[in-house]
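Below: one structure, written as structure tokens.
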Amino acid sequence: MENNNCPIKQEVDPMSFDYPRFKQDMVKTHTILIPNMLPIHMTLIENILTQQGYKVEIMRNEGPDVVTEGLKYVHNDTCYPALLVIGQFIDNLNHRNDLDKVVLLITQTGGGCRASNYLHLLRKALIKAGYGYIPVVSLNMSNLEKDSGFKYTPKLIFKLVAAITYGDELMYLRNKCQTYEVNKGDTKALTDKWIKDISYQFEHKHGTSYKDIKKNLYNMCKDFDNLKLDLSHKKPKVGIVGEIYIKYAALGNNHLEDFLVSQDAEVNVPGLYGFLLYCFYNNIYDYELYGKNKKMSKISKFILWYMKRRETLMRDAMKDTKFTPMNYFHHTKDLSEGVLDHGTKMGEGWLLTAEMMELTEEGYENIICAQPFGCLPNHICGKGVMKKIKQIHKEANIVAIDYDPSATKVNQENRIKLMLAIAKERIKDDDKAEL
Ligand code: SF4
């Protein structure tokens, strides 16, 4: 549905810098729409922003209209994540009656790949759709937009880092338990309870200090350890890697995690924490390899120190439980050496390779590499290194699944079922060998 009533349609030039701004006085009156990438993390972030005084809404609209709107306003050569996110924004706007009171928020990495252009693509699409008057905010760590009413305060940053720490731990524990739960729904109920608990703590000025995080993570692991699980049968262990949006967002990967659980597989999706550490390591490599931005390299070293302390807490909390803690990121990072150089950092770059190596090492040798249409970096760092990984890890059972507007869910699921059939066959062989 095109909004032909827009009073300033055609008046906003996407190439000019005179775009509508999100101003400070809009904070209390306007609703900020945010794409939903990671449900646990995003719910925590939604609560944090609400507590900071913002009116926030995580978009949960799905369905064929999202892709149709995306295809209408974005060139079909564009990366599939951009097409989906823009389509979701426009589909959402098409069904609202508070159009003069909304703001769109988009996250950007600010790196060399096309993710840095999403903002401009979105503005251009909004103008074409008749929504050119709606402000767009960029959430990025690269200072891409300096005039936004969205303010990073130290308090907000500490809360966001804590939310990502809790979000990753919860996602990991949920994935470890949900395939084995005896009472259906127990894992989800416990995950929801913890999201509520943490949000309540944030609201009452708790949950962000080192001591609070340590205590919460410990109690969280203990709670999940006490869940009633049936571990009597081996199940295929499947890791998911790929472009960040398609890897995490159910909208992007056609509810891949749910599908795998329905097929009786244990899922492991590497956390968001790793992606952030990867970005900060890249600032150091940029300076070491290309002499770029010494100051940023120094700041990144400090941030890495801060984040690594919390990473240790995430691992230590699992010590006396049945769960195997996730690897230290510096170990994961080193695993890509000899396969892909750390100078390869467009998109998910060397992280994608490192995660596939890590998952194989951890026993998740069945890997789905989610590849969006239009993504050159991921085809190089994902598909491009599979042969090498299989040479190093003979047991690796990796399948690349393409996600694009014309790919059918049935086709994607059939290819995954084929991979799972191999995994189940191997479990049978292992059982026979044990006997
Ligand atoms: S990582 Fe790939 S899909 Fe994502 S913006 Fe870059 S090129 Fe596009």
Side-chain angles (χ1 to χ4, degrees), residues 14 34-38 41-42 66-67 69-71 73-89 104-125 136-142 144-145 240-254 256 269-272 274-283 285-286 336 340-356 367-386 400-407 412:
I34 307 180
N36 192 10
M37 194 166 76
L38 284 140
H41 300 64
M42 292 316 289
V66 169
V67 178
E69 292 301 324
L71 282 169
Y73 299 110
V74 181
H75 194 281
N76 63 0
D77 261 359
T78 313
C79 310
Y80 186 51
L83 190 139
L84 270 184
V85 171
I86 294 171
Q88 194 184 28
F89 272 128
L104 314 185
L105 185 141
I106 190 161
T107 47
Q108 290 183 284
T109 52
C113 82
R114 291 198 266 184
S116 301
N117 298 324
Y118 280 17
L119 182 68
H120 308 287
L121 283 173
L122 174 59
R123 285 199 175 120
K124 200 173 162 205
V136 182
V137 183
S138 161
L139 190 65
N140 65 78
M141 293 182 288
S142 314
L144 290 178
E145 297 234 312
I240 303 176
V241 295
E243 191 273 343
I244 189 162
Y245 183 80
I246 299 294
K247 172 166 95 171
Y248 291 132
L251 173 67
N253 61 32
N254 284 328
L256 179 57
V269 194
L272 188 59
F275 184 78
L276 293 181
L277 291 171
Y278 156 81
C279 293
F280 291 115
Y281 267 112
N282 281 341
N283 291 335
Y285 291 136
D286 269 348
S336 67
L340 196 73
D341 194 84
H342 287 148
T344 317
K345 57 184 194 58
M346 293 300 140
E348 276 53 46
W350 55 264
L351 176 68
L352 210 168
T353 307
E355 283 180 347
M356 286 200 273
I367 299 173
I368 295 171
C369 184
Q371 305 265 148
F373 176 80
C375 181
L376 181 64
N378 276 266
H379 277 76
I380 293 167
C381 311
K383 240 181 195 168
V385 296
M386 282 178 192
I401 304 290
D402 292 321
Y403 290 89
D404 65 67
S406 58
Q412 289 159 348

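These values consider heavy atoms only, across backbone and side chains, with no hydrogens, waters or symmetry-generated copies. Whatever order the structure lists ligands and atoms in, that order sets their numbers, starting from 1.
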Give the atom numbers and elements of ligand 1 that come within less than 4.0 Å of a heavy atom of [X].
X      : answer
Cys375 : 1 (S), 2 (Fe), 3 (S), 7 (S)
Tyr118 : 4 (Fe), 5 (S), 8 (Fe)
Gly347 : 1 (S)
Pro377 : 7 (S)

Next item on the list: On the 0 to 90° scale, with breaks at 30° and 60°, tag the Trp350-Tyr281 ring pair as parallel, tilted or perpendicular.
Entry: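 Ring orientation, 0 to 90° scale: perpendicular.
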
Next item on the list: Can you measure from CG (Leu83) to CG (Leu71) and round to the nearest 0.5 angstrom?
Entry: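 Separation between the atoms: 5.0 Å.
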
Give the residue, atom name and distance (to 0.1 Å) of the protein heavy atom nearest [atom].
atom                    : answer
atom 8 (Fe) of ligand 1 : Cys79 SG, 2.3 Å
atom 6 (Fe) of ligand 1 : Cys113 SG, 2.4 Å
atom 4 (Fe) of ligand 1 : Glu243 OE2, 3.0 Å

Please tell me if the side chains of [X] and [Y] come closer than 4.5 Å, counting only heavy atoms from C-beta onward.
X      : Y      : value
Gln371 : Ile246 : no
His379 : Asp402 : yes
Asn36  : Leu251 : no

Notebook entry, point to check: Where do Tyr278 and Lys345 land on the side-chain contact (heavy atoms from CB on, under 4.5 Å) test, with the steps shown first?
Noted result: CA-CA 9 Å; Tyr278 156 81; Lys345 57 184 194 58; 3.9 Å; yes

Next item on the list: Have a look at ligand 1 and work out which part of Ile244, if any, has a heavy atom under 4.0 Å from it: side chain, backbone, both or neither.
Entry: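 Neither part.
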
Next item on the list: Would you kindly specify which portion of Tyr80 sits under 4.0 Å from ligand 1, judged on non-hydrogen atoms: side chain, backbone, both or neither?
Entry: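 None of Tyr80 does.
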
Next item on the list: Decide yes or no on side-chain contact (heavy atoms from CB on, under 4.5 Å) for Ile106 and Ile86, but give the supporting numbers first.
Entry: CA-CA 10 Å; Ile106 190 161; Ile86 294 171; 5.6 Å; no

